[in-house]
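Contents: one structure, followed by commentary.
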Number of protein chains: 2
Amino acid sequence: MKWSELSDNWCPVARTLSVVGDRWTLLILRDCYLGKSKFEEFAESSGMTRHILAERLKRLVEEGVLERRLYSSAPKRYDYVLTEKGEELRPALRIMKDWGKKHMPVRREAKA
Amino acid sequence: MKWSELSDNWCPVARTLSVVGDRWTLLILRDCYLGKSKFEEFAESSGMTRHILAERLKRLVEEGVLERRLYSSAPKRYDYVLTEKGEELRPALRIMKDWGKKHMPVRREAKA
DNA sequence: GTAATAAGTTCCAAAACAAAACGTAGGGGC
DNA sequence: GCCCCTACGTTTTGTTTTGGAACTTATTAC
């Protein structure tokens, strides 16, 4: 089954996952909630490749979770800010944060 | 970057995602919250391949989110039940459910 | 004119995934 | 006993996605 098929699933959880159901997308949202908005910030913070990052940002914009915003006209630079729709996923990430703190202790050295 | 590297990330959200950060895993949890516990139930309900399902169940058991339980000794049959650790992710799925209902209307015909 | 910055794009090999067949260990009908 | 059914997986074979690194474009700072 493909992503696109999931978006019309009877289950609202499945439809949500068709947008945010992979680790990179959720890490982008985490960064947004931490105040980041720029491509380079996401790339450095999450450790994902620029290739994947560009693709995920594109989808988040298409789905209305983020908005691509021109923040400098010369040179042209765009960043990404949360929409209200995107803001409403914040509580889910907060639960994951608390769960990680409680159940997933760091075993070795922190990397990034 | 690989899954395994994420599990020692400084960020608790990232560590959480190293366990549940893909759509199939989260759909398995959804099914658990709906009362399902059997391999065949997960396979049919989510539409994922048996191959992937077996792998994800294995990891969820290793991580202590689910418990593999012998529910019939002859023939030997196992099912999967939530641990307390697994139960504590339920609120995150509830938020995704509400978000999906609000922001992801079904456009075409529901399939599964 | 040379280097730096920032947002991407392109390329190729490696890994993950999808689909479907196969395996295994019994149970039940007859 | 023999055959099909159930249920939890495993194996196999191709396709798709991902990872990693280099490249592009436009502009500013020196």
Side-chain angles (χ1 to χ4, degrees), chain A residues 1-9 14 17-28 31-32 35-62 66-81 111-112, chain B residues 1-9 14 17-28 31-32 35-62 66-81 111-112:
Chain A
M1 184 184 275
K2 294 162 202 156
W3 282 97
S4 54
E5 296 174 45
L6 212 53
S7 67
D8 287 301
N9 198 279
L17 292 176
S18 77
V19 181
V20 299
D22 78 296
R23 58 176 174 160
W24 297 131
T25 300
L26 288 165
L27 285 179
I28 291 170
D31 283 347
C32 289
K36 301 190 203 304
S37 69
K38 298 199 177 61
F39 192 94
E40 300 296 330
E41 290 177 320
F42 297 135
E44 200 208 352
S45 158
S46 65
M48 87 183 83
T49 66
R50 317 168 68 69
H51 181 79
I52 300 297
L53 175 57
E55 210 234 306
R56 295 297 192 277
L57 286 172
K58 191 161 156 249
R59 197 165 67 220
L60 286 169
V61 169
E62 280 168 2
L66 298 182
E67 192 193 327
R68 190 166 182 262
R69 184 183 61 171
L70 184 73
Y71 74 90
S72 159
S73 49
K76 276 193 173 158
R77 296 274 190 263
Y78 297 91
D79 68 354
Y80 298 86
V81 291
K111 294 275 177 57
Chain B
M1 185 185 272
K2 293 162 202 155
W3 282 97
S4 55
E5 295 173 46
L6 214 53
S7 68
D8 287 301
N9 198 280
L17 293 175
S18 76
V19 181
V20 298
D22 78 298
R23 59 177 173 162
W24 298 130
T25 300
L26 289 165
L27 285 178
I28 291 170
D31 283 348
C32 289
K36 301 190 202 303
S37 69
K38 299 200 177 60
F39 192 93
E40 299 296 330
E41 289 177 319
F42 297 135
E44 201 208 350
S45 157
S46 66
M48 85 183 84
T49 64
R50 316 168 68 70
H51 180 79
I52 300 295
L53 174 56
E55 208 232 306
R56 294 297 193 277
L57 287 171
K58 190 160 154 250
R59 197 167 67 221
L60 286 170
V61 170
E62 281 169 2
L66 297 181
E67 192 193 327
R68 189 166 182 262
R69 185 183 59 171
L70 184 74
Y71 74 90
S72 159
S73 49
K76 277 193 173 158
R77 295 274 190 263
Y78 296 91
D79 67 354
Y80 298 86
V81 291
K111 295 275 177 57

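In what follows, chains are A, B, ... by sequence order, proteins preceding strands, each numbered from 1. Only heavy atoms go into these numbers, but all of them, side chains included; no hydrogens, no water, no symmetry mates.
- Closest of all the heavy-atom pairs between B:Arg59 and B:Ser18 is NE-O, 4.2 Å.
- Closest non-hydrogen pair, A:Ala14 versus A:Leu6, comes out as O-CG, 3.5 Å.
- For B:Arg77, the listed nucleotide lying nearest its side chain is D:dA7; candidates were D:dA7, D:dG19, C:dT9.
- Across the protein-nucleic acid pair, B:Trp24 atom CH2 and C:dA19 atom C1' stand 13 Å apart, rounded to whole Å.
- Among the atoms of the strands shown, none is found under 4.0 Å from any heavy atom of B:Phe42.
- The distance between atom CD of B:Glu44 and atom P of C:dA20, rounded to the nearest whole Å, is 16 Å.
- The side chain of B:Arg68 lies closest to D:dG9, out of D:dT6, D:dA26, D:dG9.
- A:Leu57 places its CG atom 10 Å from the P atom of C:dT9, with the value rounded to the nearest Å.
- A salt bridge between A:Glu40 and A:Arg50 is present, with a side-chain N of the basic residue lying under 4.0 Å from a carboxylate O of the acidic one.
- In this structure, A:Arg59 atom CZ and D:dT18 atom P are separated by 8 Å, rounded to whole Å.
- The distance from atom CG of B:Leu70 to atom C1' of C:dA25 is 13 Å, rounded to the nearest whole Å.
- For B:Arg56, the side-chain atoms get nearest to C:dC17 when compared with the rest of D:dT28, C:dA19, C:dC17.
- Atom OH in A:Tyr80 sits roughly 15 Å away from atom P in C:dA6 (whole-Å rounding).
- Between B:Lys38 and B:Tyr71, some side-chain heavy-atom pair lies under the 4.5 Å cut-off.
- The separation between A:Lys58 atom NZ and C:dT9 atom P is 8 Å, rounded to whole Å.
- Between B:Ser37 and B:Phe42, the closest heavy-atom pair is O-CE1, 3.5 Å.
- With DNA chain D read from its 5' end, the first of the two nearest nucleotides for A:Lys76 and B:Pro75 is the one closest to B:Pro75.
- Contacts of B:Tyr78 with the nucleic acid, taken as non-hydrogen atoms under 4.0 Å apart, involve only primed sugar atoms and P, OP1 or OP2.
- Across the interface with DNA chain D, nearest-nucleotide mapping of B:Phe39 and A:Arg23 shows B:Phe39 to be the residue nearer the 5′ end.
- OP1 or OP2 of D:dC8 sits under 4.0 Å from a side-chain N or O of B:Tyr71.
- When rounded to the nearest whole Å, the span between NE2 of B:His51 and P of C:dA20 equals 15 Å.
- Across all strands shown, A:Glu55 has heavy atoms under 4.0 Å from sugar-phosphate atoms exclusively, and none from any base.
- Within 3.5 Å, a donor on the side chain of A:Arg50 pairs with an acceptor on the base of C:dA7, or the reverse.
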